[in-house]
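Worth knowing before you read on, the calculation uses all heavy atoms, side chains too, and leaves out hydrogens, waters and symmetry mates. Naming convention: chains lettered A, B, ... in sequence-line order (proteins, then strands); numbering from 1 in each chain.
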Amino acid sequence: MAKKKEEKVSSKSKSSSKDKKDKKRKVQESPAGDSPKKKRAKKEDEPQEHIWKWWEEEALEAGIKWRTLEHKGPMLAPEYVRLPKHVKFFYDGKPMDLSEATEEVAGFYARMLEHEYTSMEQFNKNFFKDWKKEMTSHERDVITDLKKCDFRRIAEYYKDESEKRKAMTKEEKQALKAEAEAIQNEYGFCVVDGHKQKIANFRVEPPGLFRGRGQHPKMGKLKKRIRAEDIIINIGKGAQVPKPPKGKWKEVRHDNTVSWLASWTENIMGNVKYVMLNPSSKAKSMKDYQKYEKARELKDHVDKIRKNYSEDFSAREMAIRQRAVALYFIDRLALRAGNEKDEEQADTVGCCSLRLEHLKLSVEHHDEDLNSSQQSIIDNNNSINGDSPLKKVKLESGVQNNDQQSPSKDGQSSPSKNKRYMVEFDFLGKDSIRYQNKVAVEKKVYKNLILFMEGKSPQDDLFDRLTTAVLNKYLNECMDGLTAKVFRTYNASKTLQDELDKRTVPKMTLEEKMLAYNRANRAVAVLCNHQRAPPKTHDKQMENLESKISDKEKALKEAKKEFKKAKKDKDDKNKEKFKKRVATLENQLHKLEIQRKDKSENKTIALGTSKLNYLDPRITIAWCKRYDVPIEKVYNKTQREKFLWAIEMATPDYRF
DNA sequence: AAACTGACTTAGAATCCAGGGC
DNA sequence: GCCCTGGATTCTAAGTCAGTTT
């Protein structure tokens, strides 16, 4: 199947690039194909009418993002529709009519009533304060206590509405779908340098209550409605400027050094928000490609860089030692750079912003025992070219690096003592995701950490002489364009490549190959600490699987019995029959068991983020081609669109 | 050199929806 | 044919990092 796609996209024709008007349509791909158009009613086939083979074109000059740009502007959020008269808000037990603005904001809160946000003090405090600002002076006089507010009727109303939507007839749903499609076609695309490109987010964010992650000081604040007057349109000089549905744009500009189509400033954090292109677009794809090329470039420099920072562990200047140790963490543990943050944001950290309270040091005295080194860093570091990232040590909760960990055999150790210098990290990182990891580090690193901590309090910065700017400036001297985040990309992709090499054997079944792939992917997700809340249904899902498995086991047992019986009876016909059945059942059971492993190992690990942002897609595609795994097995439609450039470029022997 | 601003990538949760099992 | 589950998609917050301003 992967074949078909290849042909469609294939660019063997050197002539290339002028095939702009390439009208070739999926529908007529194979006149011989015996499935004419019976699938009409089905979802329209992949709409690749035209593929922009930008990789065969000459690049635009540095800093220029486009030559021409046309679009219809963003779609504004629908106007607020008032509640029916009978849907009442109650204050202190009594129904109360609200002004339009007050009612709208009440509705935002009502819709979140089920959510635990509404039980958080900070959220309620912020909400109430902002809500009051929307009230008339009369309302403000009456409504003085959030606890006396009863939003339940409003919440019910919205719930009913969404139930109604779900219960609509087929025709109604169809109509709605058609409408959505029309909107997508109208606003969802733009034209860049003559090529139609999909837009990622053509709808401006609707008003609502701000939901920060973690302990966000601004949670619950009112996110204001964005009007045309707030929006800057960026568009080609010659292009027709879209008309706002109401009012005027804040500004129309023609800046081809940026890639966004529209922008506005959001009122909570004061950040600029942008309308940008979809990942499948040339602009995004090319950046993606360059990102991985940059990471590959690091391969040629990383040995030197590691040697340098190891030497810098003993530098005279404290700032340099700090830089070295921070870099060591970034490199070996795939930590993020860690910019400073202010009090207006959740308290989270990355490498450079670590505080003393985020790490604990300890020395462990181990009997000489090579087995126990399975997850320590030491073996990596002590060997001259230990070049794989440090693995996590299992802490209380984590789902860890799965199968083949040979349990270390205690006891048979020699009496010689072996000191291990341990650092235990525990901090909240991006999105307030907890990073917990205990690793053995080099002695020099350990001694430096003690030095950096001397005379400080827990809330003080570990690296007080270091900022991300300083670090990145240094990195840029090591290699052109090198920054802290390149290490994450590099280590992630390298890990995938190594793990796939290690885990795949040609004779594996497709399912086994997929398990191997997922495990390789998982190793990366663990490295990068990509977590997710365990799906609410996880336990039930596991139960379901278990019962399927035990059913299958029963059936298998039964079949085996029958087989034996037939054999004894010399009943050749049945013998054959049950032999076959046993084989299929065994096969099915095996698949189920693989599924079980996969699912349970995935409980709290999110594979998507690394797949989408850290793993050079060419590694995956080459693996697919080499081991005859259909690309559809690893990448869904959206992902195939995003990685089209890689599908096109990667040969079976591609290596990161 | 610190603070600020802007542009862009990376992130997990929420919501949507299709297709497999009954 | 209907319902439920789980993957796909959407959403937007939260990072990184460079350039500019103070």
At under 4.0 Å between heavy atoms, what does Ile433(A) touch on the DNA or RNA strands: base, sugar-phosphate, or nothing?
sugar-phosphate
Between dA13(B), dC8(B), dT12(C), which nucleotide gets closest to the side-chain atoms of Ala533(A)?
dA13(B)
For Tyr289(A), does the OH atom sit with more than 12 other heavy atoms under 6.0 Å from it, leaving out its own atoms?
no
Apply side-chain contact (heavy atoms from CB on, under 4.5 Å) to Leu261(A) and Ile233(A), showing your working.
CA-CA 6 Å; Leu261(A) 315 184; Ile233(A) 297 290; over 6 Å; no
Looking across every strand, which nucleic acid part, if any, lies under 4.0 Å from Arg488(A) by heavy atom: base, sugar-phosphate, or nothing?
sugar-phosphate
Tell me: NZ of Lys273(A) to P of dT10(B), nearest whole Å?
17 Å
Integer-rounded Å distance: dT9(B) P and Leu612(A) CG:
13 Å
May I ask you to decide if the ring planes of Trp645(A) and Tyr292(A) are parallel, tilted or perpendicular, using 30° and 60° as cut-offs?
parallel
Can you give each donor-acceptor pair under 3.5 Å made by side-chain atoms of residues 266-274 of chain A, sequence neighbours left out, with the distance rounded to 0.1 Å?
residue, atom, partner, partner atom, Å
Glu266(A), OE1, Asn271(A), N, 3.1
Glu266(A), OE2, Ile268(A), N, 2.7
Glu266(A), OE2, Met269(A), N, 2.5
Asn267(A), OD1, Lys224(A), N, 3.0
Asn267(A), ND2, Leu222(A), O, 3.0
Lys273(A), NZ, Glu205(A), OE1, 3.2
Lys273(A), NZ, Glu205(A), OE2, 3.2

Which comes earlier along DNA chain B counting from the 5' end, the contact point of Gly270(A) or that of Lys284(A), where each point is its nearest nucleotide?
Gly270(A)
Gap between atoms CE and P, on Met276(A) and dG6(B) respectively (whole Å):
13 Å
Base, sugar-phosphate or nothing for Pro279(A)? Non-hydrogen atoms, less than 4.0 Å.
nothing
Can you tell me which nucleotide in dA7(B), dA13(B), dT10(B) comes closest to the side chain of Arg532(A)?
dA13(B)
Just to be sure I understand the rule, does Lys65(A) reach a base, reach only the sugar-phosphate, or reach nothing, if contact means heavy atoms closer than 4.0 Å?
sugar-phosphate
Among the candidates dG12(B), dA13(B), dA7(B), find the nucleotide nearest to the side-chain atoms of Ala606(A).
dG12(B)
Between dA7(B) (P) and Gln290(A) (CD): distance, integer Å:
19 Å
Please report the distance, rounded to the nearest Å, between CG in Leu607(A) and P in dT10(B).
17 Å
Tyr435(A)-His358(A) aromatic ring centre distance below 6.0 Å:
no
Side chain proximity check, Lys221(A) to Arg211(A), heavy atoms < 4.5 angstrom:
no
Quick check for you: among dA7(B), dC11(C), dT9(B), whose closest atom lies nearest to any side-chain atom of Lys287(A)?
dT9(B)
What is the distance, rounded to the nearest whole Å, between atom NZ of Lys637(A) and atom C1' of dG19(B)?
16 Å
Which residue lies toward the 5' end of DNA chain B, Ser259(A) or Thr609(A), if each is placed at its nearest nucleotide?
Ser259(A)
Below 4.0 Å: OP1/OP2 of dT9(B) and any side-chain N or O of Lys291(A):
no
Quickly work out the Tyr117(A) OH to dT12(C) P distance and round it to whole Å.
13 Å
Please determine whether a side-chain nitrogen or oxygen atom of His115(A) lies at a distance below 4.0 Å from atom OP1 or OP2 of dA14(B).
yes
Verify the contact: side-chain N or O of Ser263(A) to OP1 or OP2 of dG6(B), cut-off strictly under 4.0 Å; return yes or no.
no
Of dA11(B), dC8(B), dA18(B), the nucleotide closest to the side chain of Tyr274(A) is dC8(B)
With a 4.0 Å cut-off on heavy atoms, is Lys173(A) in touch with a base, just the backbone sugar-phosphate, or nothing at all?
nothing
Before we go on, tell me: are the rings of His71(A) and Tyr187(A) under 6.0 Å apart, centre to centre?
no
Which class fits the ring pair Tyr117(A) and His115(A): parallel under 30°, tilted 30 to 60°, perpendicular over 60°?
parallel
Whether each nucleotide of nucleotides 14-22 of chain C has a protein heavy atom under 4.0 Å at its base (B), only at its sugar-phosphate (S) or at neither (-) is summarised, 5' to 3', as BSBBS----
Separation of atom CG in Leu209(A) from atom P in dA13(C), rounded to whole Å:
12 Å
